[in-house]
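Here is the naming used below: chain letters follow the sequence lines, and residue numbers restart at 1 for every chain.
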Number of protein chains: 2
Amino acid sequence: MTMDLRVDPGRLRADIEKLSTFGRDAKGGVSRPSFSRADLEARAWLKDRIRDAGLAVRQDGAGNIFGRIEGPGKTVMAGSHIDTVLNGGDYDGSVGVLAALECLRRIKEESLPLARALEMASFTDEEGNLVGDFLGSRAFMGLLDRDEVTRGRTQFGRSLPEILDGTGLTVESVLAASGERPDLDAFLELHIEQGPILETEEAPIGIVEAISGKKYRWCSFTGKASHAGTTPPELRQDAFLGLADFALRGTRHAAIDHYGSMVTIGKVSVHPGVFSTVPGRAEFSLDIRSVSAETLAALEAEILDIARDIASSRGLKFASRLVDATEPVRVPPRIIGILEDECGKLGYRGMRIASGAGHDAQILAAGCDSGMIFIPCLDGISHSPDESIDWADLEKGANLLLRGLARLAG
Amino acid sequence: MTMDLRVDPGRLRADIEKLSTFGRDAKGGVSRPSFSRADLEARAWLKDRIRDAGLAVRQDGAGNIFGRIEGPGKTVMAGSHIDTVLNGGDYDGSVGVLAALECLRRIKEESLPLARALEMASFTDEEGNLVGDFLGSRAFMGLLDRDEVTRGRTQFGRSLPEILDGTGLTVESVLAASGERPDLDAFLELHIEQGPILETEEAPIGIVEAISGKKYRWCSFTGKASHAGTTPPELRQDAFLGLADFALRGTRHAAIDHYGSMVTIGKVSVHPGVFSTVPGRAEFSLDIRSVSAETLAALEAEILDIARDIASSRGLKFASRLVDATEPVRVPPRIIGILEDECGKLGYRGMRIASGAGHDAQILAAGCDSGMIFIPCLDGISHSPDESIDWADLEKGANLLLRGLARLAG
């Protein structure tokens, strides 16, 4: 490998700035859910950029887009996604797709000898605007359930077949997408951290050693609605106070007994929801994450015990149901080793880090050695128009991705 | 006074059952906001019932309906309201209006000699579906502010002038209603307790000694929204945990240091309100009540201090604004004395009680000696299709109202 192999940071930045014009919204963010008009335009542009780079462009039945350099043996892949949440930012997903494109462009330009095929990938609907997170990468890995794809509505109130109408894709083509998958050797994904740790530690590079699994539960405390002026404290069955008690005790338990695992209550709905009525019902989301499958299971059980204990002492009923779950992933030592080695050679300050957010890399781990490179984002903010990066960090991350791909495919 | 003076319980019950057919809704409750079609029909029926009783019917500029027996000197009045919350019950307000009608009917039938005029009253929009609580009784007492009546929307999305269109009333007539008020001596209101105390104490009669004042504040904790998977506990500024902490500490403080006063958080809104985001903002209602003006002011100040203390220790900002307030009312000893005396003569088990809910009687207190009689309601439930009373309790309450009015006017 040429030791001075580097990306072209200006070209990469220009690509990212161009992509973020597709779906620019009135609030200064990017709204580009998969198969929206903005996304369809961005897809056409991306395919042109892949062709311009001299790569073979391909789209599978799930709408995942690939750019390939042929080589002997299995395929080494890098990528991410170009879809965004509504009113999201310019970098989440995009940097991983366009850095992968830049890496393959540089490898093509340098005519590096390859012992493997190389592909860059852009996966459909990582953000889960349609039927749930990771539609494209799960379709790619054959992990989609037919029921999941056919039932229910998307967040836009239309069914998936309606959303796909006019795209040339169908539910059947989505379900068959994994049949077109090349034999994978490894996958790398560059992504913004979406958290504050690299920035706090002043490290431009995070080498991901594990990706959290999660349990999403929708929960409720049910008590009895009563008049706020006439019901003395000892006769109240205040569902919201049950939730308040649980929020404090549950998060404290996770922080103290399972530091590094996370418990979050992000969505709350209190009924009947008027000034003068003691709440009879409080519904809320519970987001539990851990990089260890054992800890995740134990923490979930302990948290639910705390909720039941609170319900019992406060005269409430507690109920919950699992609405989503992903398994934690450990990044194989081979991938961590290569990335740490190359990071050192490049002279960058890197640190090992866990990913608390879910990523396509986690889905790809079901079929190959999968790893990730994080770069800092300002103030840990993502999924917001305020998403911001230091371009120098992106250059470092892209160079490490390039060196990692060259090692894996070389 | 004839010692066997009693209401006709069958006639009273029939009136209550008839009134509750106006606005009967699909959920088995009553939806009869003032000036709705159901309310206009109920008003026409009520005026007919007043005429049938041989009373002089009158409506003032605020749509308050009166039935009068002339007499010398000032006026002794009894009444309540016939409007309901949406999907309310059969008894809140209605029992007070129709028991007052029954009392005047009996006094008329018995041709009792009167030293005062007697009136029964049905006040407009006690429930505050239009511009705020007690529209009718506040107009009657000259306590309405012009701005309050002309600005803003009602909960039905229409302005008050639009709501009044076709009723023969106008904003100007509402504001002028107090000019038609007779010189008042005393006011009595029979009402369901809307709380569990009489039922718990097995007392059919509550003699109200004070009506709580309240402070309604709309409050917020503001922190920073961040990713639920990537933001460790020590870097979070979780606005919802601030609210949870406040809800527990604030209600505990009220219950322990000011027992009898009430603090309730009934309405909660958490932003951005998704599973995977640590809440950056939590908005909530604060309902503070006390029968003592001094305690109400002290409790409000202490509660706000607790909120600011929590904000400061959790890296949050706290803000709040007053959105409504009513002053506590002490029932004059003369009224309590008469009611306790008559309750004893009737052989009923009565107890003194505070009203935590607001009532028209509280507004009337600005201009005369005002008191209330409570009867139990099942399980303390009100503002619900599940509102329920024991008819034997209602008969006792109405008899006490009758004897109280006879004493005050006799």
Contact class of [X] relative to chain B, heavy atoms under 4.5 angstrom:
X: A:Lys224; result: side chain
X: A:Val274; result: backbone
X: A:Ile288; result: neither
X: A:Arg217; result: backbone
X: A:Phe240; result: side chain
X: A:Ser382; result: side chain

Review point. Taking A:Phe275 as the fixed residue, which of B:Val323, B:Ile265, B:Asp324 is the one that meets the side-chain contact (heavy atoms from CB on, under 4.5 Å) rule?
Key: B:Val323
**Study point:** Neighbour count >12 (heavy atoms, 6.0 Å) for atom NZ, A:Lys215
**Key:** yes
Check your understanding: OG1 of B:Thr231 to CD1 of A:Ile197: how many Å apart, nearest 0.5 Å?
Key -> 8.0 Å
Review point. Can you tell me how far OG of A:Ser355 sits from NE2 of B:His227, rounded to the nearest 0.5 angstrom?
Key: 7.5 Å
If I compare all heavy atoms of [X] with all of [Y], which pair ends up nearest, and what's the gap?
X: A:Tyr259; Y: B:Glu234; answer: OH-OE2, 2.6 Å
X: B:Gly229; Y: A:Arg289; answer: CA-CD, 3.5 Å
X: B:Pro233; Y: A:Met262; answer: CD-SD, 4.4 Å
X: B:Leu235; Y: A:Pro196; answer: CD1-CG, 3.3 Å

Review point. So, A:Thr230 side chain and B:Gly356 main chain: donor-acceptor pair closer than 3.5 Å or not?
Key: no
Review point. Side chain, backbone, both or neither: which part of B:Ser226 has a non-hydrogen atom closer than 4.5 Å to chain A?
Key: neither
Who among [options] has the most heavy-atom pairs with chain B under 4.5 Å?
options: A:Asp245, A:Thr200, A:Ile381; value: A:Asp245
options: A:Leu248, A:Val270, A:Asp287; value: A:Leu248
options: A:Ser285, A:Gly195, A:Gly260, A:Ser290; value: A:Ser285

Which residue out of [options] racks up the most heavy-atom pairs below 4.5 Å with chain A?
options: B:Ser384, B:Ala247, B:Gly273; value: B:Gly273
options: B:Pro232, B:Ala254, B:Ser269, B:Ser212; value: B:Pro232
options: B:Gly380, B:Ser276, B:Ala255; value: B:Ser276

Check your understanding: Would you say the side chains of A:Thr264 and B:Arg236 form a donor-acceptor pair under 3.5 Å?
Key -> yes
